[in-house]
Amino acid sequence: MSPRKRYWLMKSEPDAFSIDDLQRVGTEPWNGVRNYQARNFMRDGMKVGDGVLFYHSNTAVPGIVGVASVASPAYPDETQFDRKSHYFDPKATREQPRWFLVDVKFERKLERTIPLEEIKQHADELGEAFPLVARGSRLSVFPVTAAQWKLLLSLE
DNA sequence: GCCAACGTTGGC
DNA sequence: GCCAACGTTGGC
């Protein structure tokens, strides 16, 4: 028996990488995450086949725009070793990588964006700790329960 | 573009 | 180990 699949939400700024970009390329290494908590979720929590809600942040109408899936086990983020990369980390080495990522695979675009504004109206059901509705939270990768997953997609 | 909230860095 | 300074996130 394979372990039950988990669910996640991952934020991306559409100017940098949008759901349309993911649809075009099919699968993409989720590079550039430089937050330890988000890294830990990818490195320690994600399994191939897990569900991902694709969220657009820092845009006119922030919200959930698509469904994706985890397409690889975690492995070191190559950009941490690249001196020319914006994501270069001088403290990371091949022997001791600091940043890990997974590949994310396109599944589908939602019929419409589920705006953050609407998600907030369900804060009671989602729970105060849900990072999209928790005040001040900036976490860009976090787990979603099966119940939250179902609720959020029911808004589509 | 503003700025509140947050995470990280580094001097001490 | 504290904490001020700094850089980043992301909604608005």
Side-chain angles (χ1 to χ4, degrees), chain A residues 6-25 28-46 50-70 74-145 148-149 151-156:
Chain A
R6 299 181 190 176
Y7 302 97
W8 309 91
L9 185 144
M10 300 175 92
K11 295 182 187 173
S12 184
E13 301 193 11
D15 286 349
F17 190 79
S18 70
I19 188 69
D20 291 322
D21 294 323
L22 185 61
Q23 183 168 29
R24 194 173 311 118
V25 299
E28 177 78 2
W30 203 262
N31 58 34
V33 170
R34 294 294 180 267
N35 170 280
Y36 290 106
Q37 211 181 342
R39 176 204 68 181
N40 293 348
F41 285 134
M42 288 198 287
R43 188 189 61 186
D44 308 331
M46 290 189 180
D50 284 357
V52 174
L53 295 172
F54 196 111
Y55 179 93
H56 279 175
S57 64
N58 216 348
T59 188
V61 182
I64 298 166
V65 293
V67 177
S69 63
V70 175
Y75 62 95
D77 181 342
E78 198 59 30
T79 62
Q80 73 194 299
F81 308 124
D82 179 1
R83 294 191 164 280
K84 285 172 290 193
S85 170
H86 175 64
Y87 300 120
F88 176 67
D89 184 343
K91 292 184 180 161
T93 65
R94 294 264 174 201
E95 294 69 34
Q96 291 251 299
R98 182 183 286 203
W99 304 110
F100 290 79
L101 53 67
V102 297
D103 290 346
V104 171
K105 184 173 126 197
F106 178 81
E107 296 293 341
R108 68 182 183 90
K109 274 178 78 166
L110 299 194
E111 292 162 30
R112 67 176 191 109
T113 298
I114 301 170
L116 176 61
E117 192 181 14
E118 251 177 78
I119 294 169
K120 283 179 171 173
Q121 292 166 14
H122 297 269
D124 283 353
E125 299 144 89
L126 291 164
E128 283 179 13
F130 191 66
L132 284 187
V133 300
R135 188 173 143 276
S137 174
R138 301 176 313 179
L139 195 55
S140 66
V141 175
F142 54 84
V144 174
T145 67
Q148 289 165 340
W149 175 275
L151 168 66
L152 289 166
L153 287 180
S154 78
L155 303 177
E156 181 181 7

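Everything numeric here is computed off the predicted structure, so don't read it as measured data.
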Taking for each residue the nucleotide of DNA chain B with the nearest heavy atom, is it A/N58 or A/N35 whose nucleotide lies nearer the 5' end?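 This one resolves to A/N58.
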Specify the residues of residues 130-137 of chain A, ordered by number, for which at least one heavy atom lies under 4.0 angstrom from an atom of DNA chain B.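 Correct list: A/R135, A/G136.
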Using the side-chain hydrogen bond (donor to acceptor under 3.5 Å, both in side chains) criterion, which residues pair with [X]? Sequence neighbours excluded.
| X | result |
| --- | --- |
| A/Y75 | A/D103 |
| A/Q23 | none |
| A/N40 | A/R43 |
| A/S18 | A/D21 |

Output every pair passing side-chain hydrogen bond (donor to acceptor under 3.5 Å, both in side chains) with a member in residues 114-125 of chain A, not counting sequence neighbours, ordered by first then second residue.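 Passing the test, one end in residues 114-125 of chain A: A/R112-A/E118, A/H122-A/E125.
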Can you give the donor-acceptor pairs under 3.5 Å from side chains of residues 57-66 of chain A to other protein atoms, not counting sequence neighbours?
{"from": "A/N58", "atom 1": "ND2", "to": "A/E13", "atom 2": "OE2", "distance (Å)": "3.2"}

Residues in ring-ring contact (aromatic ring centres under 6.0 Å, His included) with A/Y7, at least two apart?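 Residues passing ring-ring contact (aromatic ring centres under 6.0 Å, His included) with A/Y7: A/W149.
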Identify the pairs formed between an N or O of the protein and an N or O of nucleotides 1-8 of chain C at a distance under 3.5 Å, and give each distance.
{"from": "C/dT8", "atom 1": "O2", "to": "A/R138", "atom 2": "NH1", "distance (Å)": "2.6"}

Protein-nucleotides 9-12 of chain B N/O pairs closer than 3.5 Å?
none

Using heavy atoms to find the nearest nucleotide of DNA chain C for A/A60 and A/G32 separately, return the residue whose nucleotide is more 5′.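 Of the two residues, A/G32 wins.
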Do NZ/NE/NH1/NH2 and the carboxylate oxygens of A/D77 and A/R39 come within less than 4.0 Å?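 A/R39 and A/D77: not salt-bridged.
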Under the side-chain contact (heavy atoms from CB on, under 4.5 Å) rule, collect the residues that match up with A/R6, sequence neighbours excluded.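 A/R6 satisfies side-chain contact (heavy atoms from CB on, under 4.5 Å) with A/W8, A/D50 only.
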According to salt bridge (charged side-chain N to carboxylate O under 4.0 Å, His left out), does anything in residues 84-95 of chain A pair up with another residue at least two apart or in another chain? List the pairs.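 Salt bridge (charged side-chain N to carboxylate O under 4.0 Å, His left out) check on residues 84-95 of chain A returns A/E78-A/R94, A/D89-A/R98.
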